[in-house]
Amino acid sequence: MDKNEISIILEEIGTLLELKGENPFKVRAYYNGARTVEMLEEDLNQLIKENRLQEVKGVGKALVEKITELVTTGKLAFYDELKESTPPGLLEMLRIPGVGPKKISVLYKDLGIKAVDELEDACLQNRLVSIKGFGEKTQKKILEGIENYKNYKNQFLISTGLNYGTYIYEQLKELPQVQRISLAGSIRRFKEVIKDIDLIVSCEENNIDYIMDYFTNLEGVARVTGRGITKCSITLDVGMNVDMRIVNDEAFPNALQHFTGSKEHNTALRHRGKQMGYKINEYGLFNGEEKVYVGSEEDIYNILKLQYIPPEIRENNGEIEAAELNDIPKLVDLDLIKGVFHVHSNYSDGKNTIEELVKAAIDKGFKYIGISDHSKSAIYAGGLKEQDIVRQHEEINNLRVKYSNITILKGIESDILLDGSLDYDENTLESFDYVIGSIHSSFNIDGDLMTERMLRAIKNKHLKILGHVTGRLLLSRNGYGLDLKKIINACAENKVAIEINSNPHRLDLDWRMCRYAKEQGVRLVIEPDAHKIEGLDHIFYGIGVARKGWLEAIDVLNTSDINEVREFFKG
DNA sequence: GCCGTTTTCGGCCCGACTGTTTTCAGTCG
């Protein structure tokens, strides 16, 4: 059983205990434990063998026992009993907005409700109003919550969130009443999947109502779900919730920091503040009763004797410790990207000609562009047969003469076949400047086999870049179940770069693994996987992933100049 | 359940909003 599975079980134990009305701090201990295990760098088996698991912060005697039982036996009696005694539908009910563990507990005890559908029936039959603590409005709200839950399940790609978030941001920014405004929350932290949009606005007190009115009347607003003095919430037609917080301008940096989160980062930050004698909330930073002047987010971190921490890495994943040591990495940025290698032309399933792509790359200021169409096994995508490759290489030779201010590279996105071999013979593979290896078929084999398949491809001397490694499609398909660490280690050993596929549906390699790859000395490549000119702009999302994964320019191959790139491809 | 140069017991981050209640509990972020 791996860390991820154990983390999920600990998390579920936390939820189950919460439903049972357990001590909230005990519940939190399990949630913390789940996070700790998920983020753990070291191997669990190793830690257990060396009796060092209890040295991990947040893991005490009880969790050591339970994790050990899970690792060694693959089961946990405590968890099984807990699950046995709780109807599974109760867990799902938690996902209805406005319904938490306390309400579920009462509903279960008083009305015997143990699933979402039963709750819906009970609301429709007007049975909730009879319970103490429940009323007309609660029942209505729960019913609406169920509808919302069923319709949308409340998850969106970061690209969707940014589209709508930027639209609202731009509208509000134009208002003279708005002093400062920013997106916050998971979008600002660049989570790959988001649940809602957070906006922070500052203004004079007498303008609050005007701005809230404007906000709730924006085009695309389906309904207003809450409105108070400082907070206003709406749901868009597409089902996405947007929370706007309004503060006075003096508190803007504090509010921005607070609502950017993550919750875990803020908890740790407040804890640090408390030890230093400060209280931190969304309105300010206080030394006793006295408010400490804060002009920017930077000030908050500096007062706490920390280097500024960029929003993307605020996940309580070592950033506070790093900031303490002045050791926050200088994160890679979009303007440092000098070119890309994963681009499809109309030779396979791309829309544009090579020349159009080259011109677009020049316009973007790129110093090089590689063309990498699909290989011959990708029939569905019009993959290139040997004679197509000859034709394509001739065209590139001609374009190289015509466009001397950019380097055009000959690449291929070769299918990694079921046995781990690449799609062409030695001579053909030799004719490319580089080969990207990706899996496009036989997804549904066992994780171990998939790992072996990929390891064999990595050892092929022609393979230079591993494409969309886990094969996941966000919100629709899980990855292949690879042993990612093995894959990354092998890439380090064989000097193979790993792609960060910037397509917002993929964002693969995941940011959580970027740091591990970096530490093993693996180069990452931020790739658009473009199928038309506009697709080149997707690298914006890849940059977000790279930043969230603590990557610096030196970790990213396509920040290098062409000579270094060529050297890397020569191996 | 975890943790400790104040502590091995008694804390554990903090506040807004809502709905149901006449002072507060639950939920959310």
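Lettering of chains follows the sequences in order, A, B, ..., and the numbering in each one begins at 1.
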Side chain to side chain donor-acceptor pair (under 3.5 Å) assessment of Arg314(A) paired with Ser262(A): CA-CA 6 Å; Arg314(A) 296 182 196 166; Ser262(A) 65; over 6 Å; no

Problem set entry | Test side chain to side chain donor-acceptor pair (under 3.5 Å) applied to Glu50(A) and Gln46(A), step by step | CA-CA 6 Å; Glu50(A) 293 171 13; Gln46(A) 195 78 15; 2.8 Å; yes

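Residues forming a ring-ring contact (aromatic ring centres under 6.0 Å, His included) with His538(A) (at least two apart in sequence, or on another chain): none. Residues passing the ring-ring contact (aromatic ring centres under 6.0 Å, His included) test with Tyr480(A) are Phe443(A), sequence neighbours excluded.
Look at CD1 on Ile142(A): it is 12 Å from C1' on dT18(B), rounded to the nearest Å. Between the C1' atom of dC17(B) and the CD1 atom of Ile246(A) lies a distance of 15 Å, rounded to the nearest Å. Protein atom CD1 of Ile229(A) is 9 Å distant from nucleotide atom P of dA16(B), rounded to whole Å. If you measure from atom NZ of Lys140(A) to atom C1' of dG19(B), you get 13 Å, rounded to the nearest angstrom. In this entry the distance linking CD of Glu144(A) with P of dT18(B) reads 13 Å, nearest Å. Look at CZ on Arg272(A): it is 19 Å from P on dC3(B), rounded to the nearest Å. Taking atom CG on Asn254(A) and atom C1' on dG15(B), their separation rounds to 14 Å, with Å as the unit. Whole-Å rounding puts the Glu264(A) CD to dC14(B) C1' distance at 15 Å.
Contact annotation: Lys279(A) reaches the phosphate of dG15(B) (side-chain N/O to OP1 or OP2, under 4.0 Å). Here Tyr30(A) does not reach the OP1 or OP2 of dC2(B): none of its side-chain N or O atoms lies under 4.0 Å away.
dT23(B) and dG19(B) have their C1' atoms separated by 13 Å, given to the nearest Å. Straight-line distance between the C1' atoms of dT6(B) and dG11(B): roughly 12 Å, to the nearest whole Å. For dA16(B) and dC9(B), the P atoms lie 36 Å apart once the distance is rounded to whole Å. Straight-line distance between the P atoms of dT22(B) and dG26(B): roughly 14 Å, to the nearest whole Å. Comparing the same atom, P, in dT20(B) and in dG15(B) gives a spacing of 26 Å after rounding to whole Å. Spacing between dC17(B) and dG10(B) at atom C1', rounded to whole Å, works out to 31 Å. Nucleotides dG4(B) and dT8(B) are separated by 13 Å at their P atoms, to the nearest Å.
Under the 6.0 Å distance and 45° angle rule, Lys279(A) counts as a cation-pi partner of Phe286(A). Remark: Lys485(A) is positioned above the aromatic ring of Tyr516(A), its terminal NZ or CZ atom under 6.0 angstrom from the ring centre and at most 45 degrees off the axis. Phe78(A) carries Lys66(A) over the face of its six-membered ring, with the cationic atom under 6.0 Å from the centre and within 45° of the normal.
Residue Asn32(A) is out of contact with every strand shown, counting any heavy-atom pair closer than 4.0 Å. Among the heavy atoms of the strands, none lies under 4.0 Å from Leu269(A).
Applying the 6.0 Å contact sphere to CG of Leu124(A) captures more than 12 heavy atoms from other residues, nucleotides or ligands. The local environment of NZ in Lys20(A) is crowded, with over 12 non-hydrogen atoms from other residues, nucleotides or ligands closer than 6.0 Å. More than 12 heavy atoms of other shown residues, nucleotides or ligands fall within 6.0 angstrom of atom CD in Glu519(A). For Gln275(A), the CD atom sits in a packed shell: over 12 heavy atoms of surrounding residues, nucleotides or ligands are nearer than 6.0 Å.
Expressed to the nearest 0.5 Å, how far CD1 of Ile300(A) lies from CD of Gln257(A) amounts to 5.0 Å.
Checking dC12(B), dG1(B), dG15(B) against the side-chain heavy atoms of Lys66(A) singles out dG1(B) as nearest.
Annotation: side chain of Leu183(A) is not in contact with side chain of Asp198(A) (no heavy-atom distance under 4.5 Å).
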For nucleotides 23-29 of chain B, 5' to 3', base contacts (B), sugar-phosphate-only contacts (S) and non-contacts (-) with protein non-hydrogen atoms under 4.0 Å give ---SSS-

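By the 30° and 60° cut-offs, the orientation of the rings of Tyr301(A) relative to Tyr308(A) is perpendicular.
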Grab the N/O contacts between the protein and nucleotides 20-22 of chain B below 3.5 Å, and write none if there aren't any.
from, atom 1, to, atom 2, distance (Å)
dT20(B), OP1, Gly135(A), N, 2.7
dT20(B), OP1, Gly135(A), O, 3.1
dT20(B), OP1, Glu136(A), N, 3.3
dT20(B), OP1, Thr138(A), N, 3.3
dT20(B), OP1, Thr138(A), OG1, 3.0

So which protein nitrogen or oxygen atoms get under 3.5 Å of nucleotides 9-11 of chain B's nitrogens or oxygens?
none

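In textbook terms, a nucleotide whose glycosidic angle is within 90° of 0 is syn, while dT5(B), being further out, is anti.
A salt bridge does not link Lys132(A) to Asp110(A): none of the charged side-chain nitrogens sits closer than 4.0 Å to a carboxylate oxygen.
For the segment residues 301-322 of chain A, no residue has any heavy atom less than 4.0 angstrom from an atom of DNA chain B.
Each of Val27(A) and Thr267(A) was assigned the nucleotide of DNA chain B with the nearest heavy atom; the assignment lying further toward the 5' end belongs to Val27(A). If Gln54(A) and Ile280(A) are placed on DNA chain B by their nearest nucleotide, the residue sitting closer to the 5' end is Gln54(A).
Pair assignment for dG4(B): dC9(B), on the basis of Watson-Crick or G-U wobble contacts that are both within less than 3.5 Å.
None of Lys548(A), Arg512(A), Arg506(A) except one satisfies the salt bridge (charged side-chain N to carboxylate O under 4.0 Å, His left out) rule with Glu192(A); the exception is Arg512(A).
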